[in-house]
Amino acid sequence: MLARLILSAILLCLTATARADCGPLRSAFYEYGALYYKAGDGRWTGIDKDVVDEVARRMGCTIAPSTDSRVRIWAGLKGGSLDMSVSAMSTPEREKIVHVIPYLAERNYVLLHQEIGARSMADFLADGHSKIGVIKSFRHGKAYEAWLDQLRAQGRVYEAPDYAALLRLFKLKRVQAVMALSAGWYPLIQQQQLAGTYKIMDWAPPREVLVGGLILSRQHVDDAQAARFGQTIRAMREDGTLKRIFERHLDAELAARLINF
């Protein structure tokens, strides 16, 4: 009896320690295609939310969610008002302020209006008139960033605050093209009213993959805690949970591709 009481006390202490090490944490999501969106009943859902919910459950911590633009999220991480966010790629500059815990491998595409004849980045650049929309603060990989810099020099890049605003620009034909990840354009192909109005162009180098992950503020999440997040994500990948999460919001083929990092 005494032994059981001692064991129970030890387990309670360990659980309390784990929870204390894990929060509460302030997390922010941003609306983007299948990653984070409003369901028909008005609830927020998506790959990013399901990943964070499962991480919180496994680690036994409280993660308080909010929704904001990507620009304000990065400002919050830098200023200390946020502890974490989702699906961001690592850069040397970002690594100075956040830990990045990978959980998806994405690829950028160019969505073109059907009537635009460009077959490559060079064709679009030579057009001289067509404009492209991007989300402010997004990173697109080396090849696309070099191309976008050339277009910016010609005043042909619109920077939208979020994905919804980007799509509005595209639908209103304020821009003739937009940058979009697989998880961004996938829901569009389900919309019959957009059928035949655009085409998806894959202009990035064949092996250029953008690895995105949880981003954890270095101000509030130490190395040991970040390692626990990494271990949790790896376990979710190994036991198939990560794949099942992606398959809730994408088809099986695309889901398998996005967890191949």
Side-chain angles (χ1 to χ4, degrees), residues 18-19 21-23 25-39 43-67 70 73 77 82-91 94-95 98-109 138-141 163 180-190 204 207-217 221 223-261:
R19 290 179 183 275
D21 287 344
C22 189
L25 297 173
R26 301 158 296 178
S27 179
F29 297 88
Y30 63 98
E31 187 173 4
Y32 192 92
L35 294 179
Y36 190 65
Y37 60 95
K38 273 191 176 179
R43 292 182 303 108
W44 287 103
T45 186
I47 291 167
D48 286 344
K49 182 179 185 301
D50 288 356
V51 168
V52 170
D53 286 350
E54 180 64 13
V55 166
R57 187 189 71 79
R58 292 189 181 207
M59 292 178 63
C61 59
T62 300
I63 299 178
S66 60
T67 303
R70 201 55 161 159
I73 287 172
L77 289 164
L82 279 177
D83 303 311
M84 63 181 290
S85 188
V86 290
S87 57
M89 65 178 289
S90 172
T91 67
R94 289 175 175 181
E95 288 282 359
V98 295
H99 309 272
V100 181
I101 312 298
Y103 63 89
L104 79 161
E106 259 289 13
R107 186 170 177 82
N108 263 301
Y109 297 80
F138 266 44
R139 297 293 179 267
H140 306 92
Y163 194 55
L181 299 170
S182 306
W185 58 252
Y186 178 81
L188 297 180
I189 65 177
Q190 319 298 320
R207 296 187 180 183
E208 185 167 273
V209 173
L210 306 178
V211 178
L214 297 177
I215 43 177
L216 310 171
S217 168
V221 179
D223 291 347
Q225 189 173 345
R228 288 185 60 219
F229 273 91
Q231 291 163 3
T232 303
I233 291 290
R234 282 194 296 276
M236 288 166 59
R237 184 182 181 190
E238 290 167 3
D239 66 18
T241 300
L242 202 58
K243 184 172 184 288
R244 288 191 292 274
I245 287 174
F246 277 68
E247 287 177 344
R248 288 175 201 156
H249 307 281
L250 303 169
D251 64 47
E253 181 182 354
L254 182 54
R257 213 160 62 229
L258 265 56
I259 62 168
N260 187 25
F261 55 89

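Start at 1 with the first residue, then count along the sequence.
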**Prompt:** Shortest non-hydrogen contact from R94 to A88?
**Reply:** NH1-CB, 4.1 Å
**Prompt:** How far does NE2 of H140 sit from CE of M89, to the nearest 0.5 angstrom?
**Reply:** 10.0 Å
**Request:** In sequence, state the C-alpha distance, the side-chain angles, and the governing distance for L77 and I215, and then conclude on side chain to side chain contact (heavy atoms under 4.5 Å, CB included).
**Result:** CA-CA 9 Å; L77 289 164; I215 43 177; 3.6 Å; yes
**Request:** Please tell me if the side chains of I63 and D83 come closer than 4.5 Å, counting only heavy atoms from C-beta onward.
**Result:** no
**Item:** Interatomic spacing from OH in Y37 to CD1 in I47 - rounded to 0.5 Å
**Value:** 8.0 Å
**Message:** Quick one, T232 with Y103, criterion side chain to side chain contact (heavy atoms under 4.5 Å, CB included). Give me CA distance, side-chain angles, the key distance, then yes/no.
**Reply:** CA-CA 11 Å; T232 303; Y103 63 89; over 6 Å; no
**Request:** Evaluate side chain to side chain contact (heavy atoms under 4.5 Å, CB included) for V86 paired with L214, printing each intermediate quantity in order.
**Result:** CA-CA 4 Å; V86 290; L214 297 177; 4.0 Å; yes
**Asked** Taking all non-hydrogen atoms of both residues, which atom of P102 and which atom of V211 are closest, and how far apart?
**Response** CB-CG1, 3.5 Å
Taking distance alone, no hydrogens or angles, what donor-acceptor pairs closer than 3.5 Å link side-chain atoms of residues 252-261 to residues at least two apart or in another chain?
none

Under 3.5 Å donor-acceptor pairs involving side-chain atoms of residues 50-59, not counting sequence neighbours:
| from | atom 1 | to | atom 2 | distance (Å) |
| --- | --- | --- | --- | --- |
| D50 | OD2 | R248 | NH1 | 3.0 |
| D50 | OD2 | H249 | NE2 | 2.8 |
| D53 | OD2 | K49 | NZ | 2.7 |
| E54 | OE1 | R57 | NE | 3.2 |
| E54 | OE2 | R57 | NH2 | 2.8 |
| E54 | OE2 | R58 | NE | 2.7 |
| E54 | OE2 | R58 | NH2 | 3.4 |
| R58 | NH1 | D239 | OD2 | 3.0 |
| R58 | NH2 | D239 | OD2 | 2.9 |
| R58 | NH2 | T241 | OG1 | 2.8 |

**Complete:** For A34 and P187, the nearest pair of non-hydrogen atoms, with its separation, is N-CG, 3.6 Å
**Prompt:** Can any side-chain N or O of Y32 pair as donor or acceptor with the backbone N or O of L181 at less than 3.5 Å?
**Reply:** yes
**Prompt:** Under 4.0 Å between a Lys/Arg side-chain N and an Asp/Glu carboxylate O for K243 and E247?
**Reply:** yes
**Message:** Closer than 3.5 angstrom, by distance alone: can the side chain of H99 be matched with the main-chain N or O of V221 as a donor-acceptor pair?
**Reply:** yes
**Request:** Work out which heavy atom in L82 is nearest to a heavy atom in S66; give both atom names and the distance.
**Result:** CD2-OG, 4.4 Å
**Prompt:** Taking atom CD1 of I73 and atom OG of S27, what is their separation to the nearest 0.5 Å?
**Reply:** 8.0 Å
**Fill in**
For L104 and G213, the nearest pair of non-hydrogen atoms, with its separation, is CD2-N, 4.1 Å
**Request:** First locate atom OH of Y163, then atom CG of L35, and finally report the distance between them rounded to the nearest 0.5 Å.
**Result:** 9.5 Å
**Item:** Check against side-chain hydrogen bond (donor to acceptor under 3.5 Å, both in side chains), S85 and Y30
**Value:** CA-CA 9 Å; S85 188; Y30 63 98; over 6 Å; no
**Prompt:** Taking the side chain as C-beta and beyond, is there a heavy-atom pair between E31 and K38 under 4.5 Å?
**Reply:** no
**Message:** So does S182 get a backbone contact from the side chain of R107, meaning a donor-acceptor N/O pair under 3.5 Å?
**Reply:** no
**Aromatic ring proximity Y109/W185, centre distance under 6.0 Å** = yes
**Item:** Atom pair CZ/CZ of R70 and F29 - distance to nearest 0.5 Å
**Value:** 11.0 Å
**S87 to D48 - nearest heavy-atom pair and separation** = OG-OD2, 2.8 Å
**Message:** Just by distance, no angles: are the side chains of Y36 and T67 close enough, under 3.5 Å, to form a donor-acceptor pair?
**Reply:** yes
